[in-house]
2 protein chains.
Amino acid sequence: MDNHILNECPIQPVVDILSGKWTSYILWEIYNKNNHYGSIKKQLPGISTRTLAVRLKFLENKGILSRTVFNTNPPTVTYDLTNKGLTLAPILKSMKTWSELYQ
Amino acid sequence: MDNHILNECPIQPVVDILSGKWTSYILWEIYNKNNHYGSIKKQLPGISTRTLAVRLKFLENKGILSRTVFNTNPPTVTYDLTNKGLTLAPILKSMKTWSELYQ
DNA sequence: CCGGATCCCAGCGGATACTG
DNA sequence: CAGTATCCGCTGGGATCCGG
């Protein structure tokens with residue numbers, strides 16, 4: 001997903017984050033308060049457990065998401081945008097606006 | 001690149017357009033008046049002729065780009081954002097802003 | 001110089017089974 | 001429920017040749 005040759009391209013950092021196949025959709029769900037692993041999966045029919053887990057961990061490692069485990073039984077895990085992740089909001093909102101106008 | 005199952009996801013149309021590996025970079029170049037096939041290729045080290053041609057045609061088919069051939073010798077081809085393509089500007093600008101702050 | 005046609009391959013991500 | 005592990009199919013895209 002990374003491309004060191006393009007470091008001089010000014011949009012490379014965000015493309016690096018968003019370029020995964022499901023990444024934008026996952027961020028959209030969490031941005032809209034759909035925070036649980038299970039409910040995200042339900043809202044994204046077709047995504048595999050592996051892909052969802054891999055992408056969530058990737059976003060966590062990038063500092064975009066925080067992960068919280070509740071010691072209930074059965075266990076519950078929620079994901080939230082960090083302060084850094086929240087700064088992606090203008091991008092997500094402009095994507096939504098465009099999609100509404102030009103779908 | 002398309003996913004009919006996600007039709008109800010409100011950002012699906014734009015994700016469909018931007019999800020190709022090089023698509024955002026190509027749009028960024030053209031948005032910044034780097035309009036020639038050859039100069040785009042020069043600015044994106046690592047992209048193959050096939051991929052650039054495929055992505056340009058894809059964006060043309062989507063109504064994002066217009067293609068103009070000049071009957072010079074050797075021939076020259078330029079690509080420009082259509083009116084529809086220009087409406088992607090807010091997305092590209094927000095991507096640039098984010099990348100500057102958080103790279 | 002632009003880009004179509006072919007061939008080919010790495011690696012993304014899908015399916016499934018399994019665990020704490 | 002929330003993942004991890006494994007296997008593997010498929011497609012995006014790279015290399016190359018060629019023609020306009």
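In what follows, every chain begins at residue 1, and chains take the letters A, B, ... in the order their sequences are listed. All heavy atoms count here, side chains included; hydrogens, waters and symmetry mates do not.
- Summary of the strand contacts: A/Pro75 and A/Ile47 both lie near DNA chain C, and taking for each the nucleotide with the nearest heavy atom, the more 5' one is attributed to A/Ile47.
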Could you pull out the protein-nucleic contacts involving nucleotides 3-6 of chain C (nitrogen or oxygen on both sides, under 3.5 Å)?
| from | atom 1 | to | atom 2 | distance (Å) |
| --- | --- | --- | --- | --- |
| C/dG3 | OP1 | B/Arg67 | NE | 2.8 |
| C/dG3 | OP1 | B/Arg67 | NH2 | 2.6 |
| C/dG3 | OP1 | B/Tyr79 | OH | 2.7 |
| C/dG3 | OP2 | B/Tyr79 | OH | 2.9 |

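- With rounding to whole Å, A/Leu59 atom CG is found 13 Å from D/dG3 atom P.
- Considering only the side chain of B/Lys21, D/dG12 comes nearest among C/dC1, D/dG12, C/dG14.
- Taking atom CD of residue B/Glu60 and atom P of nucleotide C/dC2, one finds them 15 Å apart after rounding to whole Å.
- Residues B/Pro90 and A/Thr97 fail the side-chain proximity criterion, which asks for heavy atoms closer than 4.5 Å.
- Here the CD-CD1 distance, from B/Gln12 to B/Ile17, works out to 9.5 Å after rounding to the nearest 0.5 Å.
- An end-to-end axis angle of 50° holds for the helix from C/dC1-D/dG20 to C/dG20-D/dC1, taken from five base pairs per end and rounded to 10°.
- Distance from the side chain of A/Trp22 is smallest to C/dG14 among D/dG14, C/dG14, D/dG13.
- With sequence neighbours left out, B/Arg50 forms a side chain to side chain contact (heavy atoms under 4.5 Å, CB included) with B/Ser48, B/Val54.
- Between the side chain of B/Thr23 and the backbone N or O of B/Ser19, no donor-acceptor pair lies under 3.5 Å.
- Contact record, A/Tyr102 with B/Thr87: OH-CG2, 3.0 Å, taken as the closest heavy-atom pair.
- With B/Asn32 contributing its side chain and B/Trp28 its backbone, the two residues share a donor-acceptor pair below 3.5 Å.
- For the pair B/Asn73 CG and D/dG19 P, the interatomic distance rounds to 17 Å; values are reported in whole Å.
- In this structure, B/His36 atom NE2 and C/dC2 atom C1' are separated by 13 Å, rounded to whole Å.
- A single hydrophobic cluster is seen to contain both A/Val15 and B/Leu101, as judged by linkage of ILVMFWY side chains at heavy-atom distances under 4.5 Å, directly or through other members.
- Listed pair B/Ser48 / D/dG14 meets the phosphate criterion, a side-chain N or O lying under 4.0 Å from OP1 or OP2.
- One interatomic measurement links the two molecules: NZ of A/Lys41 to P of C/dT16, which rounds to 11 Å at whole-angstrom precision.
- Atom CD1 in A/Ile40 sits about 9 Å away from atom P in D/dG3, given to the nearest Å.
- Atom CG of A/Leu52 and atom P of C/dA15 are 14 Å apart (whole Å).
- Panel note: side chain B/Thr82, backbone B/Ile64; a donor-acceptor pair is recorded below 3.5 Å.
- If you chain together hydrophobic residues whose side chains sit under 4.5 Å apart, A/Leu59 and A/Val69 fall into the same group.
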